[in-house]
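Chain letters run A, B, ... following the sequence lines, proteins first, then strands; residues in each count from 1. Note that the structure is a prediction, hence the values are computed from the model and not measured.
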Amino acid sequence: MGDSRYIVKLKDLSSFTQRKVNLLGLVVEFSVPRRTNGTDYCTVLKIIDQSQQTPEVAVNVFMKDIDGLPHLRSHKDIILLCSFKVEFYNQKYYAVYDHKASSFALFDGRISDNFTPYQVSPTFHHLPKDDVFVRRLRNWSNNTPFDAGISDYAVPLKDINGHDFIDLVCMVLHVCEVSSGKWVLFVWDGTDAPAVDLKKELGAEELPLQLELTGLPPSVLYNFPRLGTVLTVVIDEAYVNFGNHFKIVRDWVRIRNLHCRTVLGLWKGVLTPQTKIRHLSKDDNSVIEHLRDYKERVAQCGYLPSCISPTSNFLTEVPNFEQACCTTLMEILTSPLVHGTFKCVVRFLAVLPSEAKYFRSPSGPYRMTVTLEDPTARIHALLQNGDADEFFGERLDIDVVAMKMNKLLGVSELENSSRNPPWTVCCIGFHSANETDIWGSRHFHICNTRLFM
DNA sequence: GTTTAGGGTTCG
């Protein structure tokens, strides 16, 4: 032993099966610390070194205390594993933590003269010779072009249909605890998740504006992009105190094995115990590609939902706003103005009251609330009085109004259990009742919009 | 004192 330790190259792992080794590697992937089905908490890392970039070697770390597990700060950080056991499983070699013998230390991957680990396990002993190995790995890492590469499972949000689980290259926008022990992640990849068919019977009372939330604070929403879907990702309960163990926010990641499904017409991601995180550098090819696609989209189509072309035919027209640019519901939600009117392309998801005979209040004028959606958000908007007269046309039979509303809601005359509301252009006015709380007191109404039919 | 985890698909 002495003052140095023997570090095994990853390519030589096969010679050490069932033995304890020391390894030094770049961490290219990690799982967020979580509860196991045994008695411990665990995190799974993937490491590479100068001798072997593929296959990446998986490292399983177990701890009685979740806070003691390695907490990676950045891509390409370095881990020194001491006395980890080499196991051969499913034709691959693994490094596995042993409670009696193993220890580890985490180092910043950037080149510097600082060789103090930023995290160590309790029994880790630093040896001066470690610095030499860390320096070598840093130099190699910073002189070798790396890329997270492409994944066979990578799917942008716009192509999510038909996939149960995907690898998602995305920016993490926000992490929060929505109720005691229930964590949610908000991610964005610059594309629009596809519109979802709704069950025919789903009415305004059943359709939430957001999943898992009564509403994000405006200060958080304000930092979200105005275009592209923000996917809500709920966190499996195995991730105890998730927010304390996942610190990557406003950075790009590849989330591997993210489960996706729809709930009440909204897309929802689920971070399962099988999910892994790959932190991506800003010059990773997949990040550059996403940002380039996004810029091209904005340049070519502005803030239209991506399934709409500028020449699309709608059931509606907006008489004084033909030349105005479209914007998104997220833009309206986060506008700093006290009042204004914007043109949007939306779907009419529901109306309240649901029956046409109640669209008018007892005193006569129309008074209803519609649930509107675009790829960025859902809102409730009033449709009433003169705006509703203009919308439907004046002096109409209730049956005609009902028929028109059904068409907007995508209710087909066929015996069909689902409906698919068509995209519709409309003007949405907004005003804030309280100037000291412009987002919290904001109301929306449809105006300056006419149905064709 | 032992176990935990250890990746994966479907359509051209």
Side-chain angles (χ1 to χ4, degrees), chain A residues 8 10 13-14 16-21 23 25 27-49 52-72 79 81 83-104 121 123 148-170 194 233 235-242 245-246 253-262 267 269-279 286:
Chain A
V8 169
L10 294 183
L13 271 189
S14 58
F16 294 87
T17 309
Q18 291 303 109
R19 290 168 63 188
K20 304 261 172 55
V21 296
L23 303 171
V27 182
V28 293
E29 183 180 299
F30 66 95
S31 70
V32 181
R34 67 173 194 272
R35 191 190 299 122
T36 67
N37 287 325
T39 58
D40 293 333
Y41 297 89
C42 82
T43 191
V44 179
L45 311 176
K46 287 279 181 65
I47 61 170
I48 59 172
D49 71 359
Q52 180 172 301
Q53 289 87 63
T54 52
E56 295 159 356
V57 173
V59 180
N60 300 324
V61 189
F62 301 102
M63 288 270 162
K64 304 260 176 265
D65 169 21
I66 192 169
D67 295 322
L69 286 168
H71 286 72
L72 273 300
I79 193 162
L81 306 167
S83 297
F84 273 60
K85 191 175 170 191
V86 180
E87 293 185 8
F88 187 65
Y89 175 85
N90 276 355
Q91 310 305 310
K92 289 177 202 126
Y93 294 95
Y94 291 86
V96 180
Y97 183 88
D98 180 285
H99 282 288
K100 291 185 288 290
S102 303
S103 63
F104 67 83
S121 64
T123 59
I150 45 169
S151 158
D152 289 343
Y153 308 97
V155 172
L157 279 181
K158 69 183 170 68
D159 297 328
I160 204 172
N161 260 331
H163 296 270
D164 281 347
F165 56 88
I166 60 169
D167 286 6
L168 186 66
V169 173
C170 58
V233 180
I235 310 298
D236 187 278
E237 60 186 19
Y239 295 99
V240 182
N241 237 334
F242 180 82
H245 308 293
F246 183 84
V253 295
R254 183 156 89 214
I255 304 179
R256 303 184 63 201
N257 211 355
L258 179 69
H259 284 242
C260 295
R261 55 199 188 90
T262 61
W267 284 99
V270 183
L271 205 76
T272 73
Q274 288 76 43
T275 305
K276 307 284 190 291
I277 309 287
R278 212 165 258 251
H279 197 171
S286 59

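- Across the protein-nucleic acid pair, A:Lys85 atom NZ and B:dT3 atom P stand 10 Å apart, rounded to whole Å.
- If you measure from atom NZ of A:Lys46 to atom P of B:dG6, you get 9 Å, rounded to the nearest angstrom.
- Nearest to the side chain of A:Tyr153, among B:dT2, B:dG8, B:dA5, sits B:dG8.
- Taking side-chain N and O atoms only, A:Asn37 has a distance below 4.0 Å to OP1 or OP2 of B:dA5.
- Of the candidate nucleotides B:dT2, B:dA5, B:dG8, B:dG8 has the atom lying nearest to any side-chain atom of A:Asn257.
- The number of heavy-atom neighbours closer than 6.0 Å to CD of A:Glu237, taken from other residues, nucleotides and ligands shown, is 12 or below.
- The distance from atom CG of A:Asp159 to atom P of B:dC11 is 14 Å, rounded to the nearest whole Å.
- Here the side chain of A:Asp167 is nearest to one of B:dA5, B:dG8, B:dT4, namely B:dG8.
- Checking B:dT2, B:dG6, B:dG8 against the side-chain heavy atoms of A:Arg34 singles out B:dG6 as nearest.
- When distances run from any side-chain atom of A:Lys64 to the nucleotides B:dG8, B:dA5, B:dT3, the shortest one goes to B:dT3.
- Distance CG (A:Asn60) to C1' (B:dT2): 16 Å, rounded to an integer number of Å.
- Classification of the A:Tyr94-A:Tyr89 ring pair by plane angle, with boundaries at 30° and 60°, yields perpendicular.
- Across all strands, A:His163 comes closer than 4.0 Å to no nucleic acid atom at all (heavy-atom distances).
- Between A:His99 and A:Tyr97, the ring planes lie perpendicular to each other; the angle is over 60°, past the 30° to 60° tilted range.
- Using a 4.0 Å heavy-atom cutoff across all strands shown, A:Asp164 reaches no nucleic acid atom at all.
- Going from atom CZ of A:Phe84 over to atom C1' of B:dG6 covers 14 Å, rounded to whole Å.
- For A:Val96, taking side-chain heavy atoms from C-beta onward, the closest of the listed nucleotides B:dG8, B:dT4, B:dG6 is B:dG6.
- If you check B:dG8, B:dA5, B:dT2 against the side chain of A:Thr39, the one that comes closest is B:dT2.
- Nearest-nucleotide positions on DNA chain B place A:Tyr97 closer to the 5' end than the other of A:Ser151 and A:Tyr97.
- A donor-acceptor pair under 3.5 Å links the side-chain atoms of A:Gln53 to the main chain of A:Asp49, judged by distance alone.
- Closest to the side chain of A:Phe165, from the set B:dA5, B:dT2, B:dT9, is B:dT9.
- For A:His99, the side-chain atoms get nearest to B:dT4 when compared with the rest of B:dG8, B:dT2, B:dT4.
- A:Lys276 has a side-chain polar atom (N or O) that falls below the 4.0 Å cut-off from OP1 or OP2 of B:dG6.
- In this entry the distance linking CG of A:Asp98 with P of B:dG1 reads 12 Å, nearest Å.
- Side-chain N or O atoms of A:Thr43 include none that pairs as donor or acceptor with a backbone N or O of A:Val32 at under 3.5 Å.
- In this structure, A:Tyr89 forms an aromatic stack with the base of B:dG6, since both conditions hold: centre separation below 5.5 Å and plane angle below 30°.
- For A:Asp152 against B:dG8, a side-chain-to-base donor-acceptor contact under 3.5 Å is absent.
- Residue A:Leu45 contributes atom CG, which lies 12 Å from atom C1' of B:dG6 at whole-angstrom precision.
- Remark: A:Gln274 pairs with A:Asn257, A:Thr272 by the side-chain contact (heavy atoms from CB on, under 4.5 Å) rule, at least two apart or across chains.
- Residue-to-nucleotide contacts include no donor-acceptor pair under 3.5 Å from the side chain of A:Gln274 to the base of B:dG8.
- Protein atom CZ of A:Arg278 is 14 Å distant from nucleotide atom P of B:dG8, rounded to whole Å.
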